[in-house]
Amino acid sequence: MNSLVQVAVKSPVYGLFDYRWSGPEPALPGVRVTVPFGRRQVTGIVIGSIDSTEVPAGKLRSVRSVQDQTPVLPGDILELLKWASRYYHYPLGEVLAAALPVLLRKGHVASIAEREYFRWQPHEEESGEGGRQAPVQKRLLDYLRQYDGRPVAVDELRAISPRWRASLAPLVARGWVVCDTAMEVPRNAAVESGPPLSQEQRDAVTAVRGALGSFATFLLHGVTGSGKTEVYLRSIEEASRRGLQSLVMVPEISLTPQLMSRFKRRLSGCLVSLHSGLNDSERLQNWMCAAEGHADVVIGTRSSIFAPLPRLGLIIVDEEHDGSLKQQDGFRYHARDLALMRARERQCPVLLGTATPSFESLNNVRAGRFVELPLTHRAGDAVPPGMGLMDIRRRKLIEGMSDRLFDAIREHLDNAGQVLVFINRRGYAPTLLCNDCGAAADCRRCDAHMTVHARLSRLRCHHCGAERPIPCACESCGSVELDRVGYGTERIADALQAEFPDIDIARIDRDSTRRKGALEKQLDRASSGQARLVVGTQMLAKGHHFPHLTLVCILDADRGLFGTDFRSLEHMGQLIVQVAGRAGRESREGSVLIQTRNPDNPMLQTLVREGYEAFADIAMEDRRLAELPPFSFMALVRAEASDGREAHEFLKQVARSLQEHSGGQLDVLGPAPAPMERMGGRYRAQLLLQSDKRSSLNDSLSRLCVRIGDLPGARRCRWSIDVDPVDLY
Ligand code: ADP
Ligand code: ZN
Ligand code: ZN
């Protein structure tokens, strides 16, 4: 057979590549092929057959070999990825590569690893068995015989002799020993059943159950500790009972080890996880379990949205408001939005769960696109924590904390309570300032101050990772009068330890949990109640359950009030409510104290007095008046170069090109410097595109993509397109 195929190859070029195909059968879309690409041989994915090509016959090259008999990317995933490539304006070859496990990208065989077992087989010739055998052979045979025909794993045989395989071969040939293979599919058995559901939980499960087999989007809007996870578990059980696979996406599994173990205690069947904590072969293994239909439940981070699932029947997105569901570099997709797309194609329900819905989702509820399932009460006897603002203007502060805050902490500790202190900054102090000349120790590659890390005796840039020792003298004037200004988790932990010397403190931030197993250890100390003071960053907002916690103190809430990004306020509200939600989750009542210099701020007051929904109502109305998302649609074109003028010049060309071709349906703002203009030694600029019609934005970007690579400035900078950016950084 002689024909033509289109192949996607991982390359920054938009478009596909045509090759000659001479296989006996037509090329199957979704199979991997080896193709010549430039001077290399690379792995590509067949997209489909074509009738003609613009490549001249002399230049047309042939597919070298076919790697798969069945497609590694089945039709539905291929369609989802094609759609994502068009929607996010990212080259299809790169999109496909991002969806595949690394080993498949490298041409590894797409199959579940098989494990070998050996067993003894009763046989004639017993008499001849003893004498003529080599000692190793005899030991192996004796060992297998004592298991009486039950399979023995390779590890045990290897322990007998490193030459076990060679010695066993003649026995296998004679039929005295049999080799079996079995697929390595993990099986889980539930060891716990759940509590009886509340009426609201039951209503939610009933709604999801009723939607199995059709497309529907539910927003499970439940206050912290209301038992959302319980609703997920029951919905998954029902899906499994009907032979359907469930996909559960969580923002960061590595930050929530408790969640995975809870799923394992409660669900039977084949549970696999997909996240960055796995090594390449574990990842492939789990991916294949999903793709071949063995897995009943897949729990993963955002990229699991691309895992093939032939029996998919339910998608759950936990903490749907969380920014980490959006990929922030390369292929910048939003896993929640793709989940909706995938569910629509697959005709299955999606359950988005959160205590603090994104404004996008709230807007979708109002427009009737999502069905809201409310859980308004905490599960069991727990009651919502009381929240209070603590005015710190003109008050004496000790290390950033007021005397009244210390009193409150002491009172809780004296009453056998547990206290969490939240400050969203790691390190000791965010700035090292000279008392004589006023200069700060700055990063040499970013427009940013270096953070003081006292434990390491180093300065670190939190933007590019640069570090150097803490200087003894000012880098500008040589003065030794250096002040550490501002507060981070290290400093707060030190101050609390000085005040409460007998109390065990757990610090939870990215620095204290970098080593493998360190996070689990800190979380254990916090949830067992051993550490009665817990200090940490937003890592603490991630759905952890600390049963003994009675007081939550939020130190730097004001920062969110004055953020540069239009989403700052939304994020501040979500963070405060999530952190506050760690308090009083069991029988003891919890309270929350928020230190502020803006006690009269209406947004802060609404949040504290009336709750997240009332807060969101007002903040969303502001967005609507300002015509900002979710009431309009946005994209960013970013450019960076070692010379700032080049990034700027290129974006001007982009802006002109967009204006020429967009017919007035699109607002083009900029170019403007990025909020942090210089980062990692490069200058960054951005162009903001906005439209009240998604289709105009999308069409303009499609037309831009055809030309952008040919704009004169394109070669001199690195550029990217970000559709629905969550961060205008
Ligand atoms: P969320 O996911 O909304 O934060 P969880 O599902 O983690 O809430 O539930 C919080 C706590 O309440 C957990 O310890 C859970 O076992 C318990 N719980 C959930 N539902 C119920 C229920 N119906 N009755 C009693 N306890 C429950
Ligand atoms: Zn100085
Ligand atoms: Zn830096």
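Note that the coordinates shown come from a computational prediction; the quantities given were computed from them, not determined experimentally. Whatever order the structure lists ligands and atoms in, that order sets their numbers, starting from 1. These numbers come from the heavy atoms of this one structure, side chains and all, not from hydrogens, waters or symmetry mates.
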With the threshold set at 4.0 Å, does a side-chain nitrogen-carboxylate oxygen contact exist between [X] and [Y]?
{"X": "Glu238", "Y": "Arg234", "answer": "no"}
{"X": "Arg332", "Y": "Asp727", "answer": "no"}
{"X": "Arg468", "Y": "Glu475", "answer": "yes"}
{"X": "Glu230", "Y": "Arg262", "answer": "yes"}
{"X": "Asp617", "Y": "Arg366", "answer": "yes"}
{"X": "Asp643", "Y": "Arg645", "answer": "yes"}
{"X": "Asp442", "Y": "Arg678", "answer": "no"}
{"X": "Asp504", "Y": "Arg525", "answer": "yes"}

Can you tell me which residue and heavy atom of the protein come closest to [atom], and the distance to 0.1 Å?
{"atom": "atom 17 (C) of ligand 1", "answer": "Ala379 CB, 4.0 Å"}
{"atom": "atom 2 (O) of ligand 1", "answer": "Thr229 OG1, 2.7 Å"}
{"atom": "atom 4 (O) of ligand 1", "answer": "Gly225 N, 3.1 Å"}
{"atom": "atom 9 (O) of ligand 1", "answer": "Gly227 CA, 3.6 Å"}

If you measure from each non-hydrogen atom of [X] to ligand 1, which part falls under 4.0 Å: side chain, backbone, both or neither?
{"X": "Pro195", "answer": "side chain"}
{"X": "Arg262", "answer": "side chain"}
{"X": "Arg378", "answer": "neither"}

Assess Gly222 for proximity to ligand 1: is some non-hydrogen atom of it under 4.0 Å away?
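Not so, Gly222 does not reach ligand 1.
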
With a 4.0 Å cut-off on heavy atoms, does Pro196 reach ligand 1?
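Pro196 counts as a contact of ligand 1 under the 4.0 Å cut-off.
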
Can you figure out which of His545, Arg202, Glu319 has its heavy atom closest to atom 14 (O) of ligand 1?
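Nearest heavy atom to atom 14 (O) of ligand 1 lies in His545.
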
Option with minimal heavy-atom separation from atom 1 (P) of ligand 1, where the choices are Gln199, Lys228, Gln201
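When every heavy atom of Gln199, Lys228, Gln201 is considered, Lys228 comes closest to atom 1 (P) of ligand 1.
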
Would you say Cys464 has an N, O or S atom lying under 2.8 Å from the Zn ion (ligand 3)?
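Cys464 does place an N, O or S atom closer than 2.8 Å to the Zn ion (ligand 3).
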
Below 2.8 Å, any N, O or S contact between His463 and the Zn ion (ligand 3)?
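No - counting backbone and side chain alike, His463 has no N, O or S atom under 2.8 Å.
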
Parallel, tilted or perpendicular: which fits the ring planes of Phe615 and Tyr612, with parallel below 30° and perpendicular above 60°?
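Tilted.
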
For Ser198, counting its heavy atoms only, list the atoms of ligand 1 lying under 4.0 Å from any of them.
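Matching atoms, with element in brackets: 23 (N).
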
Roughly, to 10 degrees, what angle do Cys446 atom SG and Cys461 atom SG form around the Zn ion (ligand 3)?
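Computed angle, vertex at the Zn ion (ligand 3), rounded to 10 degrees: 110°.
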
Residues His548, His412; criterion ring-ring contact (aromatic ring centres under 6.0 Å, His included); working and verdict
CA-CA 11 Å; His548 310 283; His412 277 260; over 10 Å; no

Report the angle formed at the Zn ion (ligand 2) by atom SG of Cys474 and atom SG of Cys434, rounding to the nearest 10°.
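Result: 110°, to 10°.
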
